[in-house]
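Just so you know, ligand 1 is whichever comes first in the structure, and atom 1 is the first atom listed for that ligand.
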Amino acid sequence: MKVLLVGSGGREHAIAWKLAKSERVSKIFVAPGNGGTAIENKCENVNITDIDELVVFARENNIELTFVGPEDPLTKGITDKFKAAGLRCFGPDSKGAQLEGSKAFSKDFMKKYGVKTAQYGTFTECDEAKGYLENCEYPIVIKADGLAAGKGVVIAETKEEAMKTIDDFMISDIFKGAGQKVVIEEFLEGVEASILSITDGKTLIPFISGKDHKQIFDGDKGPNTGGMGVLAPNPFVTEDVMKDFEENIVANTLKGIQEEGFDFKGIIFFGLMITKKGTYLLEYNVRMGDPETQSVLTLMESDLVDLVEAALEGRLHEVEVKWYDGACVNVVLASKGYPGTFEKGFEITIDESIKDKVFLAGAQLVDGVLRTSGGRVLSVVGRGRSIQEAREEAYKLTEMVNFEGKYFRRDI
Ligand code: AMP
Ligand code: GLY
């Protein structure tokens, strides 16, 4: 089977690596891909990002399955266009993708179907948002409605900070439209967990949970990043949490998907906050997490192509996903200076023996040499029978990859 994978991050390298393991896959085109997918088994990068051009490519190259990595093309309707062209595409339709594409839409959906989530209000007028902020409790959470490359959420500790955030989002328009509508919500205190899942719209199978580490420095200090490392399974996701999650979040989400009539055959990533008052849904993502995917797919023993096909054919109720009985620790190696400014173009060297445990993200193959091209350059993934074993393995791996300015957290 020839597969087309859309995207260019560390997540996509991990997906490509996992798809390549399937005996049923002969070739994977990655659009546009990165330095990792350029050298991965069975993979070839193709420099296309336009959705209509991807449809043409898939048709001309007899692609049997398209897997969409990031949210952006999903919200722009890539699945709808592939479907209209008679092509199989894994990912929700554009309506379903609004669960990630619009915070106001997703919060309204959660409320309508009784999914447990923080109290909130939606505002399109600056004065009304500010009026609300005059009398609310602090800290308060302010979210830009649209996609803002992971930067659209501010936890304001004070009224001044909250007012400034509203000015930035609604007046200065720093997200070019995405912050013209805002969600203001109750601050929840607790521990976060990422649960990715696969769904065919009727059945939803949760994957192994993960614990991301968002801040740049050890001890969760410093500015937020896209994620500096993931521990899986997440030690805070107990059986009780899973029960709460299944009963108060998953069941209602599926009911909503069906009643709203979304064509949702894809991934749902639940961003959870585990609090003293139970487990709350912070957000839906309609794609896999980055860097959660690198850990979760390393633990998955089932064939990913079989799973995706079962979802596309509405057969997930027949499927059982098999997992490695142990843990994974994924440590992100970043460019010095990230998430602020950093230099690019440094050569990356990877010990040949560990290629299978390294997922490249901000890296390009330039004239046969791997070079840094982004903030989060790559992930190394350690796997072991216990978290301790996995962690030791991951930190050993960090020493076997080198580039100038290599930075990573020591406490994943
Ligand atoms: P989101 O994109 O909605 O997941 O928000 C990004 C990050 O902001 C989350 O991973 C949390 O760390 C934080 N966050 C979002 N909503 C809340 C909330 N209601 N209470 C506390 N923290 C939150
Ligand atoms: N690691 C968080 C995300 O992918 O959104």
Please list, in number order, the atoms of ligand 2 under 4.0 Å from a heavy atom of [X].
X	answer
Glu292	1 (N), 2 (C), 4 (O)
Phe269	3 (C), 4 (O), 5 (O)
Gly289	4 (O)

> When you check the gap from the basic side-chain N to the acidic O, do Asp411 and Lys221 get nearer than 4.0 Å?
Replying inline: no
> Does a salt bridge link Glu186 with Lys277, judged by any charged N lying under 4.0 Å from a carboxylate O?
Replying inline: yes
Give every pair made of an N or O atom of ligand 1 and a protein N or O atom lying under 3.5 Å apart, one pair per line with both atom names and the distance to 0.1 Å, or write 'none'.
unit_1   : atom_1 : unit_2 : atom_2 : d
ligand 1 : 2 (O)  : Lys103 : NZ     : 3.0
ligand 1 : 2 (O)  : Glu283 : OE1    : 2.9
ligand 1 : 3 (O)  : Lys103 : NZ     : 3.3
ligand 1 : 3 (O)  : Lys143 : NZ     : 2.9
ligand 1 : 4 (O)  : Glu283 : OE1    : 3.3
ligand 1 : 4 (O)  : Glu283 : OE2    : 2.8
ligand 1 : 10 (O) : Glu192 : OE1    : 2.6
ligand 1 : 12 (O) : Glu192 : OE1    : 3.3
ligand 1 : 12 (O) : Glu192 : OE2    : 2.4
ligand 1 : 16 (N) : Lys143 : NZ     : 3.0
ligand 1 : 16 (N) : Glu185 : OE2    : 3.4
ligand 1 : 19 (N) : Glu185 : OE2    : 2.7
ligand 1 : 19 (N) : Glu186 : O      : 2.9
ligand 1 : 20 (N) : Leu188 : N      : 2.9

> Which atom pair, heavy atoms only, marks the closest approach of Glu64 to Met1?
Replying inline: OE2-CA, 3.5 Å
> For atom 2 (C) of ligand 2, which protein heavy atom lies nearest, and how many Å away is it?
Replying inline: Lys214 NZ, 3.4 Å
> Considering only protein heavy atoms, which is closest to atom 3 (C) of ligand 2, and at what distance to one decimal place?
Replying inline: Arg287 NH1, 3.5 Å
Any heavy atom of [X] sitting closer than 4.0 Å to ligand 2?
X	result
Gly226	yes
Gly227	no
Arg11	no

What pairs with [X] under side chain to side chain donor-acceptor pair (under 3.5 Å), at least two apart in sequence or on another chain?
X	value
Ser172	none
Tyr280	none
Glu44	Lys27

>> Is it the case that ligand 2 has an N or O less than 3.5 angstrom from some N or O of Asp212?
In response: yes
>> Quick check on salt bridge (Lys or Arg N to Asp or Glu O under 4.0 Å): which of Glu12, Glu71, Glu292 does Arg287 satisfy it with?
In response: Glu71
> Strictly under 6.0 Å, is that where the ring centroids of Tyr338 and Tyr407 end up?
Replying inline: no
>> Would you compute the distance between atom OH of Tyr284 and atom CZ of Phe109 and round it to the nearest 0.5 angstrom?
In response: 4.5 Å
> Do the side chains of Ile249 and Phe270 get nearer than 4.5 Å, heavy atoms only?
Replying inline: yes
